[in-house]
Amino acid sequence: TYSERETIFPNNSTWLGTWLVPLKDENGNINAVLGISRDISDRKRFEDELADQTAQYQLIVENQVDLVVKVDLEGKYLFVSPSYCEAFGKTKEELLRNTFWPLIHKDDLEITEKAMRDLYKPPYKCYVEQRAKTVWGWRWFGWADKSVLDENNNDVAIIGVGRDITVQKIAEQALVDSEEKYHNLFESVKDTILVMDKETFLDCNSAAEKMFKCSFEEIVSKSPWEFSTVTQPDGTNSKEKALQKIQAA
């Protein structure tokens, strides 16, 4: 997941863009969270100043590392930052005659169109992650878009600020692949595997379903003693004995 939050440092205010990725142990439980943060203060200040269209705004744009564009409602470029031209290996004149749609990966067109529908209703903002063909090949970008409104609150243009998030997307995919390998191993083992917290089952493999002769849904959220007789052969209470073993583990 991606979030933006304001972190206060002595004598100033800094905006951080943070990617949060849950990390799971071999039992599938979340035991930590991987956080990747970047300073996006310049971008946030830039967004606040866009409406002014002042000389200060132009100076910020010309020195932006993030990609900055302004397009009409059909996607035709009205403005492109130097960083945008560099990323796509085109001059400003080449881009201003075209739209941004051909640069987007075909598999991301639908999600981009869907996200941009939010630009036509309050708060007239959207965020979308998409792949684009750059001079360095296909790269992932996270775009924060905002509508430019006239005096009647009608959309007249769209301003977008994009950041390369390829590293974060690779990290996320690596975690997904790792979890998939774990799940395949979990299901391939012939022994019964049960994952539980202090009192209830959280997960089980197909071998456990066969042993209990129950479905996955019938096993999870239940306690071990619910599948036992009230007392054990030695006369001890099944629940008490199970809790003792769990506490000793």
Side-chain angles (χ1 to χ4, degrees), residues 1-7 16-38 40 105 107-108 110-112 114-115 118 126-131 138-144 163-249:
T1 59
Y2 175 81
S3 65
E4 293 180 0
R5 66 176 185 272
E6 189 175 16
T7 303
L16 295 179
T18 304
W19 287 261
L20 300 176
V21 182
L23 300 179
K24 298 182 180 181
D25 59 23
E26 64 273 14
N27 296 319
N29 299 316
I30 298 175
N31 58 10
V33 177
L34 172 65
I36 304 174
S37 297
R38 282 185 177 179
I40 58 171
H105 194 288
D107 292 340
D108 298 331
E110 183 177 352
I111 192 173
T112 300
K114 183 178 179 180
D118 289 337
C126 78
Y127 177 79
V128 62
E129 296 179 355
Q130 61 184 217
R131 285 161 290 183
W138 289 105
R139 304 287 294 181
W140 278 98
F141 290 92
W143 285 95
R163 169 155 290 186
D164 191 323
I165 59 170
T166 305
V167 173
Q168 286 74 27
K169 298 298 287 188
I170 292 174
E172 290 173 6
Q173 187 58 50
L175 286 171
V176 170
D177 293 342
S178 177
E179 291 178 10
E180 184 177 352
K181 290 179 181 178
Y182 153 74
H183 181 74
N184 291 338
L185 178 62
F186 185 76
E187 286 298 328
S188 65
V189 174
K190 294 182 180 180
D191 295 329
T192 296
I193 301 178
L194 294 158
V195 180
M196 64 180 298
D197 56 15
K198 293 182 179 179
E199 294 190 7
T200 59
F201 293 124
L202 303 174
D203 197 1
C204 69
N205 64 354
S206 56
E209 295 180 81
K210 292 179 181 178
M211 184 185 75
F212 285 119
K213 296 182 180 179
C214 295
S215 66
F216 174 86
E217 291 74 18
E218 293 173 317
I219 296 175
V220 295
S221 299
K222 289 188 177 180
S223 302
W225 49 86
E226 295 184 63
F227 297 92
S228 303
T229 56
V230 177
T231 58
Q232 294 295 300
D234 60 3
T236 58
N237 181 275
S238 294
K239 180 177 180 179
E240 292 178 359
K241 190 166 186 177
L243 288 173
Q244 288 175 359
K245 288 186 175 293
I246 292 171
Q247 291 171 0

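The first residue in the sequence is number 1, and the count goes up from there.
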Q: Got a sec, which residues hit ring pair (Phe, Tyr, Trp, His ring centres under 6.0 Å) with Phe227, two or more places apart in sequence or on another chain?
A: Phe212
Q: Heavy atoms only: give me the nearest Phe201-Ser223 pair and the separation to one decimal.
A: CE1-C, 4.1 Å
Q: In the structure I gave you, are the side-chain heavy atoms of Phe141 and Asp108 within less than 4.5 Å of one another anywhere?
A: no
Q: Determine the minimum heavy-atom distance between Ile111 and Glu129, stating which atoms define it.
A: CG2-O, 4.4 Å
Q: Quick one: closest heavy-atom pair of Ala115 and Cys126, and the distance?
A: O-CB, 3.2 Å
Q: Of the non-hydrogen atoms in Cys204 and Phe216, which two are nearest, and what is the gap between them?
A: SG-CD1, 3.7 Å
Q: Would you please name every residue forming a side chain to side chain contact (heavy atoms under 4.5 Å, CB included) with Ser206, sequence neighbours left out?
A: Glu187, Glu209
Q: Is it true that, when you exclude Lys169 itself, more than 12 heavy atoms of the residues, nucleotides or ligands shown sit nearer than 6.0 Å to its NZ?
A: yes
Q: Can you confirm whether more than 12 heavy atoms, excluding those of Leu202, are under 6.0 Å from its CG atom?
A: yes
Q: To the nearest 0.5 Å, how far apart are NZ in Lys213 and CD1 in Ile219?
A: 13.0 Å
Q: Give me the atom names and distance for the closest heavy-atom approach of Arg131 to Asp107.
A: NH2-CB, 3.5 Å
